[in-house]
Amino acid sequence: MLDKILRTIERIPAFPATVRKVEELISAGDYSAAQLARVIELDQAIAAQILKMSNSAYFGVRQPIRSIMDAVTYLGQENIIRAVRTAGISRFYHGPLKGYVPTAVQLWEHSVAAALMSQILFQKLYRRRNHQLYTAALLHDVGKLVMGEFVGESFQKVMERVIHHGCSFLEAEEQIIGINHAEVGRRIAEHWKFPEDIKEAIAFHHRPDLLEKENKTIPWLVYLSDQICLMTGIGVGEDGLAYRGLGEVIEKFNLRMRDVEESIVELTDQLEAARGLVNIE
Amino acid sequence: MATIVVGISDFKASQNSSDVLITYALGSCIAVVVYDPHARVGGMLHFMLPNASLDAVKARENPCMFADTGIPLLFKACYQLGAEKKRMIVKIAGGASILNDTDFFRIGQKNITAVRKIFWKNNVFIDKEDTGQNFNRTVSLGIADGRCTVKSAQGMAREL
């Protein structure tokens, strides 16, 4: 099964080139709104989703967005990157998903919630946003997309180990399947040529404590965002709460219980506003 | 049979005997289930956090988010349908945590404590309880007979 999973990763369609082009254009700095709009318009699927997202309350643009040119003008650089990445990633989250959750859309909802939470926390801690973190949180469970295709009956065995042997879900996956969904996710991100920071955050999203390098905030915040969403029951799957709690995360960021509770309240607001990001069908 | 879904930070009350109220995948949140067997009126609240003092504005917008503002609302809605406090059966489920979370956020635990305190203060007895531990729960209530079931990832649905 491990072989099959690894071979499948190689066959996953390439990451949408439009997303890369937009990122390159923006990071090069020297571009016009018209240029940016042209790149996005060439990809009809992404363009359609950008239009839908731009009009969701999440981005808080007052006037109706009728064209990609409107979106580029009113959303601003940071939000355009976020919208393009969200649209690019969402196309992989369709169809049924055996084992983990009934449909990939549910996994998508959980992913968007974690991505929004990552920004709420980052904003609370550092008073700004971080789109690498956003992307890492959005992709943290991408490994489940491929795993779900193959686990089949083994999934029962994985759950068996969780329920009767006190294993975490991750440990159970390793024992039964030979690899966990976080590592599969890292390999998918590698296949898509994502930068090291994002690959690392996906690979260690349940165990950031295993990362040797000091002062890595992104993996810890992806971990925390995911755990808070799982705790509050947003888009949870069969694995549910079967993950090990890492208490040090609270001290690491000097968080109080109240901060976590406030973040949960804010997330419910944002999820309401972000329907355009969640509803991808 | 109509299945009525109770969302996160939401409540539903019903006197229609063909209704089944259901809430999915409770984690640290808690479902408060009430039923008056005489009036055949039941209700379910799915709250997220213990105290409305966290955010007064939010609590006004959506009282069901918090235990202390959601529970009175649930009871009032049931009274309006003919339920009476002295006949009401009260059950709670949820308040789970993640594995070995000794120092983790304890929101589940705080929620359990908050519910117990509210009921104790109001002289309401909690008849049945399935709380804590570390798995998700799906809870349903049949309005016809007050049957309340809790299903966890651990397997079979069982009656509470």
Side-chain angles (χ1 to χ4, degrees), chain A residues 100-102 106 109-110 113 155-156 158-160 162-164 166-172 206-207 223-224 226-252 255-269 271-272, chain B residues 6-10 23-31 46-62 64-67 69 93-111 114 132-139 151-156:
Chain A
Y100 291 84
V101 279
Q106 261 167 285
E109 281 172 19
H110 170 69
F155 191 75
Q156 286 316 314
V158 171
M159 287 312 291
E160 177 96 346
V162 169
I163 294 163
H164 299 297
C167 289
S168 77
F169 191 77
L170 218 59
E171 291 154 11
H206 288 296
R207 293 302 305 270
Y223 165 75
L224 187 56
D226 180 34
Q227 286 302 327
I228 296 176
C229 291
L230 289 178
M231 274 196 340
T232 36
I234 298 168
V236 293
E238 294 286 331
D239 46 348
L241 302 164
Y243 295 106
R244 305 217 175 271
L246 303 170
E248 63 257 49
V249 69
I250 297 302
E251 291 139 46
K252 204 173 171 65
L255 284 164
R256 297 161 308 163
M257 176 89 171
R258 193 187 170 87
D259 296 317
V260 176
E261 291 184 9
E262 283 170 357
S263 307
I264 292 173
V265 172
E266 204 174 329
L267 178 67
T268 55
D269 270 357
L271 273 176
E272 189 58 41
Chain B
V6 181
I8 299 177
S9 303
D10 183 19
T23 199
Y24 293 101
L26 289 159
S28 58
C29 303
I30 288 184
H46 177 154
F47 75 83
M48 283 205 314
L49 295 166
N51 300 311
S53 59
L54 182 77
D55 188 336
V57 176
K58 204 71 228 162
R60 268 197 301 278
E61 271 171 41
N62 187 1
C64 295
M65 192 175 273
F66 304 98
T69 43
S97 313
I98 49 176
L99 286 178
N100 53 347
D101 73 307
T102 45
D103 297 316
F104 218 65
F105 323 113
R106 297 177 164 273
I107 289 180
Q109 209 54 47
K110 260 185 91 174
N111 279 338
Q133 295 178 288
N134 29 51
F135 45 81
N136 297 97
R137 294 172 173 88
T138 290
V139 181
K151 191 173 175 295
S152 68
Q154 320 300 95
M156 308 281 280

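Sequence lines set the chain letters: A, B, ... in the order given, protein chains first and strands last, and positions in each chain run from 1.
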Given that the side chain runs from C-beta out, which part of [X] has a heavy atom under 4.5 Å from chain A: side chain, backbone, both or neither?
X: B:Tyr24; answer: neither
X: B:Leu54; answer: both
X: B:Thr23; answer: neither

Beyond-backbone contact of A:Thr268 with B:Asn62, side-chain heavy atoms, under 4.5 angstrom: no
Is any side-chain heavy atom of A:Asp269 closer than 4.5 Å to a side-chain heavy atom of B:Lys58?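 A:Asp269 reaches B:Lys58 side chain to side chain.
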From B:Asp55 atom CG to A:Glu261 atom CD, the distance as rounded to the nearest 0.5 Å: 11.0 Å
Can you measure from SG (B:Cys29) to CD1 (A:Ile264) and round to the nearest 0.5 angstrom?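 Reported to 0.5 Å precision, the distance equals 7.5 Å.
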Contacting region of A:Cys167 [heavy-atom separation from chain B under 4.5 Å]: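 It is the backbone, since no side chain atom gets that close.
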Please name the pair of heavy atoms, one in B:Ser53 and one in A:Arg258, separated by the smallest distance, quoted to 0.1 Å. O-NH2, 4.1 Å
Can you give me the closest heavy-atom contact between A:Thr232 and B:Ile8, atom names plus distance?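 Smallest heavy-atom distance, with atoms named: O-CD1, 3.7 Å.
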